[in-house]
Amino acid sequence: MTTDASDAVEIRNALLRLRRGTGLPIAFGGLMEAGQLMRISELSGTATHALRSLAVTSGTGLGGKTVALSRPCVVTDYSASRQISHEYDAPVAAEGLRSVLAVPVVVRHRVRGVLYGALRTAQPLGGRMLDVAVEAARDLERALVVRDEARTLAVGAAAGAGDGTGPGWEQVREAHTALRALAPRIADPELRAELLGACALLTAESAGPPLVRLAPREVDVLACVAAGATNAVAAERLGVTRETVKGYLRSAMRKLRARTRGEAVVAARRAGWLP
């Protein structure tokens, strides 16, 4: 797996958040490639290019240890640390790094990358600094989930183009449901709008402009119902109570003039709200 342009932008944004939040002058990171290899692709605040494109193998060095353990790791003095192996001492020394922290980027229980923060002096890194670095990694994780779902949606749309009944179209519908559930949890308004825009493009292609006006949360609930979710499962996905789900579903059914959940899904598709 290589880092594309959109992923590179998200990594750079995460590194800037890490630096601003921790006060650390240096940050860098990258995503996993094929096998157990992570490549450092983005640098922020560095004085040299010694770390650029450095390939880090799982289990080696600080970043490799973070990948192998799937948890944050910290060293106070990189070159002198006995807690890590030292395959990368030369590029680290070339950049003049001493204290370094590394946090994993974990998507769907799999390490997808590593973010680093560093100082050129030897002093402890931890506490709030580590918490902020972990939160920057969580932001990147959420962004990668959105990118993954958008790619799945696009591939499924290509595979299921036509009458909307093939297995590819079912993948589109599953991706649409996941994206709708994820959108309210995205703090970045531009990224949230991009995600919802992808959903709107898909439904517009399949049914044209909506004929019935539905609230965003009514659409979210119907998307979950269309995927076979019970009220309890829909509530968990959307982060609301079961009663709230029931309320949105009743309201949507009334607007769509549907007597059952199934009729509501069919009507929502005809109205252009669901793929």
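Computed from a predicted structure; not experimentally measured. The chain is numbered in sequence order, starting from 1.
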(message) Let's go through Arg217 and Asp220 carefully: what are the C-alpha distance in whole Å and the side-chain angles of both, what is the deciding distance for salt bridge (Lys or Arg N to Asp or Glu O under 4.0 Å) to 0.1 Å, and is it a yes or a no?
(response) CA-CA 5 Å; Arg217 272 311 203 187; Asp220 294 341; 3.1 Å; yes
(request) Evaluate the salt bridge (Lys or Arg N to Asp or Glu O under 4.0 Å) criterion for residues Glu135 and Arg142: first the C-alpha distance (whole Å), next the side-chain angles of each, then the deciding distance (0.1 Å), finally the verdict. (result) CA-CA 11 Å; Glu135 187 53 39; Arg142 288 187 283 268; 3.0 Å; yes
(request) Take Val105 and Ile11 through the side-chain contact (heavy atoms from CB on, under 4.5 Å) test and state the conclusion after the steps. (result) CA-CA 10 Å; Val105 177; Ile11 297 170; over 6 Å; no
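Summarising the geometry, atom CG belonging to Leu97 is positioned 10.5 Å from atom OG1 belonging to Thr121; distances are rounded to the nearest 0.5 Å. Once rounded to the nearest 0.5 Å, the distance linking CZ of Arg261 with CG of Asn231 reads 4.5 Å. In this structure, Arg98 CZ and Ser79 OG are separated by 6.0 Å, a value rounded to the nearest 0.5 Å. With rounding to the nearest 0.5 Å, the separation of OH in Tyr116 from SG in Cys73 is 10.0 Å.
In this structure, the side chain of Glu10 does not engage the main chain of Leu140 through any donor-acceptor pair within 3.5 Å. A donor-acceptor pair is defined here as one N or O able to donate and one able to accept, closer than 3.5 Å; no such pair exists between the side chain of Thr66 and the backbone of Val103. Panel note: side chain Arg17, backbone Val132; no donor-acceptor pair is recorded below 3.5 Å.
Checked by atom type, the side-chain pair Thr241/Glu243 shows no donor-acceptor distance below 3.5 Å. Side-chain atoms of Gln83 and Ser81 include no donor-acceptor pair closer than 3.5 Å.
Within the 4.5 Å cutoff, side-chain heavy atoms of Leu222 are placed close to those of Leu256. Proximity of Val92 to Leu62: side-chain heavy atoms (C-beta onward) are nowhere separated by under 4.5 Å. Contact of the Leu101 side chain with the Leu24 side chain is registered, since non-hydrogen atoms from C-beta on lie closer than 4.5 Å.
Annotation: Arg138, atom CZ; neighbour count of heavy atoms from other residues, nucleotides and ligands within 6.0 Å is above 12.
When the salt bridge (charged side-chain N to carboxylate O under 4.0 Å, His left out) test is applied to Arg82, no partner is found at least two apart in sequence or on another chain. The ring pair (Phe, Tyr, Trp, His ring centres under 6.0 Å) check on Tyr248 picks up nothing, with sequence neighbours excluded.
Ring-plane geometry between His86 and Tyr78 is classed as perpendicular, the angle between the planes exceeding 60 degrees on a 0 to 90 degree scale with a lower cut at 30.
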Contacts table for residues 48-55: side-chain donor-acceptor under 3.5 angstrom, sequence neighbours left out:
{"unit_1": "Thr48", "atom_1": "OG1", "unit_2": "Ala50", "atom_2": "N", "d": "3.1"}
{"unit_1": "Thr48", "atom_1": "OG1", "unit_2": "Glu95", "atom_2": "OE1", "d": "2.6"}
{"unit_1": "Arg52", "atom_1": "NH1", "unit_2": "Ser41", "atom_2": "O", "d": "3.2"}

